[in-house]
4 protein chains.
Amino acid sequence: MPRHEREQQIIDVAVRVFAKRGYHASSVDEIAELAGISKPMVYLYLDSKEGLFLACLRREAARLVAAFQEAARGAGPAPELRLYAGLSAFFVFVAEHRDSWVVLHRQASELSEAIAAAVAEARRAVMSEVASLIRDGIRESTGDGAIPGADRADGADRGHRAAQLGDEDADFVAHALVGAADSLTDWMERHPGQSPEGITLRLMNMVWVGMRDVLDGKVWLP
Amino acid sequence: MPRHEREQQIIDVAVRVFAKRGYHASSVDEIAELAGISKPMVYLYLDSKEGLFLACLRREAARLVAAFQEAARGAGPAPELRLYAGLSAFFVFVAEHRDSWVVLHRQASELSEAIAAAVAEARRAVMSEVASLIRDGIRESTGDGAIPGADRADGADRGHRAAQLGDEDADFVAHALVGAADSLTDWMERHPGQSPEGITLRLMNMVWVGMRDVLDGKVWLP
Amino acid sequence: MPRHEREQQIIDVAVRVFAKRGYHASSVDEIAELAGISKPMVYLYLDSKEGLFLACLRREAARLVAAFQEAARGAGPAPELRLYAGLSAFFVFVAEHRDSWVVLHRQASELSEAIAAAVAEARRAVMSEVASLIRDGIRESTGDGAIPGADRADGADRGHRAAQLGDEDADFVAHALVGAADSLTDWMERHPGQSPEGITLRLMNMVWVGMRDVLDGKVWLP
Amino acid sequence: MPRHEREQQIIDVAVRVFAKRGYHASSVDEIAELAGISKPMVYLYLDSKEGLFLACLRREAARLVAAFQEAARGAGPAPELRLYAGLSAFFVFVAEHRDSWVVLHRQASELSEAIAAAVAEARRAVMSEVASLIRDGIRESTGDGAIPGADRADGADRGHRAAQLGDEDADFVAHALVGAADSLTDWMERHPGQSPEGITLRLMNMVWVGMRDVLDGKVWLP
DNA sequence: AATGAATGAGACTTCATTCAT
DNA sequence: TATGAATGAAGTCTCATTCAT
């Protein structure tokens, strides 16, 4: 069996096992056995348990980001639609590849420096995709004075606000959004009837509309 | 040293270690050494590694819920103000007790049945506090027709919408909110100038205002 | 509570625990708790776990030997009757003080030098009692030409045989007898209806009569 | 080294160590070291300390029973000759494999349920071999009215007695005999000049002849 | 390319024993 | 006389990792 294929097959199994047991509770023994090969092969191909986990991490992260990007790209030019499509793709991905998500997710602490860095990098990649869309959304929403898909009253000082809302804010919103989406995967698990699209819709309504209102000057104060 | 004091001291150390390394990668040896006592004491007081972790979990969950509840209770009757106060307290707590939060929220999937159950229960307790305030907010906001602190146009079908937005939705919003808050603790770490109250304010603006809009019928659709 | 009484009370408990769990599986903790005192008291009175076990061993061995001797002494001058009485007392003792017997018995290997020596000494004491009675029995049986309680034909060379049958043979028979009795305690446990006296009777018939026959020249050869 | 060979080698060492120290006082560490391998190998091959002990138990019991059976089988049809041969083999075996015998017979009461059961089963197997020969002996001795190798007067009530002497009695005699044999291994140790066959001869004379007498109605009574 | 055999290191846990009061 | 608090040492077991074939 050619090297690359074997490698992928091992990673397939490893993702399942790591997702089920967590990094530390997983044993290379079990992964090798489930992959139908001997342990030395695992070490020959992936170097170490850590290397194996990193490979899993990178592959699944790439897949997730790709799913998000493809969906966003295919959704036309409007940033909010691209965001909607990307988030939808995210929820679809998590629903369909639960193991991948579990491996990417909640393995943050307790791992070696290298792994923690890879996790952080994966999260950063997702975050930057989202932040970019949000930045575009903010710009468009304040630049051309039109947010498609919703009626609203123009605020007089929108240009002013838009200046204030810079990259930092896009990053803030991105963090909130990704965190919310992340946490909602738990909710999704407990509400199997809900479609990924429905969940995305609710989330967009909550966050996007709220954000737009803020841009419009509807500030809430305690 | 009296028994109870020792116990708390051990738990103090254990929370730090578990947060830093995760459950499996933590060793009772290290915890004992950092606590300045011998391993057998740890076992005498907390029974087992699992017992020790459970004790950490319970104490930190209780502390977080208490902080949230106290702040909310002290903020008067308006649900949105209580939510604001509770969230503020949450951010303060997480900022000041990052380890506690990590132990409560970032434990991977590699835990024993008993521990996994306790983790789930702790998370559920936090989530249920938040969901409860949101539920109240939804009810008040639709019941008396007035959301203080923001002007708006009454929608004719607000009662109808309120009926649709039930406990499930409050739970949805709670998940989104807690997830967003969690993720924003990362953002907070990278923006040291920002006060917890400022962060809460932004988050409230984003989520609460958005939620209110939805109640008002301003639905966003792709 | 006076010292001696406490000591006996501790030993009482210890015999029960050692019998139930065996030496190594018994913990001083459990013994102290069952005795209703704290562990340091055990060490104050009995020095160490080994000291505690030795005390148990010596007390129970003394009791068993005393029971044997008393019964034998009270049974009149005939050696065979004294042997019968002693063996009966042995079976009665084992039946009534199972724990004592377990502690004395089957703890031979796996114990420290000192304990092994004490066990050996106890066994030697019993053995010497038995051997002495058997020696007397042989002498009487060959000396006065009459074994009461059974008819037989005199052999012409009985004096000669008796000379051959010396102390070594008495010791041989004693070993066989004690071993048989020892093993029969297992049998007794599985046949609760059988009285100690009945068991002794069977054993005497088997061994004593056989021995007498040998003295009479009825040699079995393959 | 091939797997099976290693296993036997480990068991060889383990029997020695268990015999010397007893189950609890033996450490897997020591066994591994004496076997010249590392601890993980022991666990790989025998699963656990308990598994290791069970393996020892089974192998040694099988060996002893085989030695007994082979000798008995090779000694012709007469039960007493078969018993003689079997007992001889037993003494030879114990003399040559003292450790095996200690593992089989001198394990204290501190063993786990599973081990205790296996020990009991092993003892039962040995005991049942002996009892079976004795039963045959009783039957033949009462059935055809002739016990070869010894003259005697026929008793009128032999059939009656034989009815009374059932399996229970064979078991009683077996216990006495095995116990005596066991104890005589100590005697044997202190009298190195004595051959196993000589010891067996004395024992047979004592027990077999006595038993036959009882069958003949020569009852001893106190 | 592939593996059966092997291990160093370290994990959790328990226990006999002692100190300070 | 009595004990709550504390520990050094050791035991069973698992795992990531490598060597010889």
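What you see below is based on every heavy atom in this structure, not just the backbone, and it leaves out hydrogens, waters and symmetry mates. Chain letters run A, B, ... following the sequence lines, proteins first, then strands; residues in each count from 1.
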Starting from the 5' end of DNA chain E, give me the residue, A:R6 or D:L44, whose nearest nucleotide shows up first. A:R6

Any side-chain heavy atom of C:D182 sitting closer than 4.5 Å to one from C:W101? yes

Which atom pairs, one a donor and one an acceptor, fall under 3.5 Å between side chains of residues 54-63 of chain B and the rest of the protein, sequence neighbours left out?
| from | atom 1 | to | atom 2 | distance (Å) |
| --- | --- | --- | --- | --- |
| B:R59 | NH1 | B:Q8 | OE1 | 2.7 |
| B:R59 | NH1 | B:D12 | OD1 | 3.0 |
| B:R59 | NH2 | B:D12 | OD1 | 2.7 |
| B:E60 | OE1 | B:S100 | OG | 2.6 |

ring-ring contact (aromatic ring centres under 6.0 Å, His included) filter on A:F93, not counting sequence neighbours, yields A:H97

Is the phosphate of F:dT1 approached by C:Y45 (side-chain N or O, under 4.0 Å from OP1 or OP2)? no

Would you write the dot-bracket representation of DNA chain E, where each base gets (, ), [, ], | or . depending on whether it forms a Watson-Crick or G-U pair under 3.5 Å and with which partner? .||||||||||||||||||||

Kindly write out the residues that satisfy side-chain hydrogen bond (donor to acceptor under 3.5 Å, both in side chains) with A:E121, not counting sequence neighbours, or none if the list is empty. A:R124

For nucleotides 15-21 of chain F, give me one character per nucleotide, 5' to 3': B if any protein heavy atom sits under 4.0 Å from the base, S if the only such contacts are to the sugar-phosphate, - if neither. BSBBB--

Nucleotide E:dA11, atom P - distance to CZ of B:F18 in whole Å: 13 Å

Side chain to side chain contact (heavy atoms under 4.5 Å, CB included) partner of B:L52, chosen from B:V13, B:V15, B:V17, B:L46: B:L46

One should read off an interatomic distance between C:Y45 OH and C:I37 CD1, to the nearest 0.5 angstrom, of 7.5 Å

Are the side chains of C:L44 and C:M41 in touch, meaning some heavy atoms are under 4.5 Å apart? yes

With salt bridge (charged side-chain N to carboxylate O under 4.0 Å, His left out) as the rule and sequence neighbours excluded, what pairs involving residues 38-57 of chain D come up? D:D29-D:K39

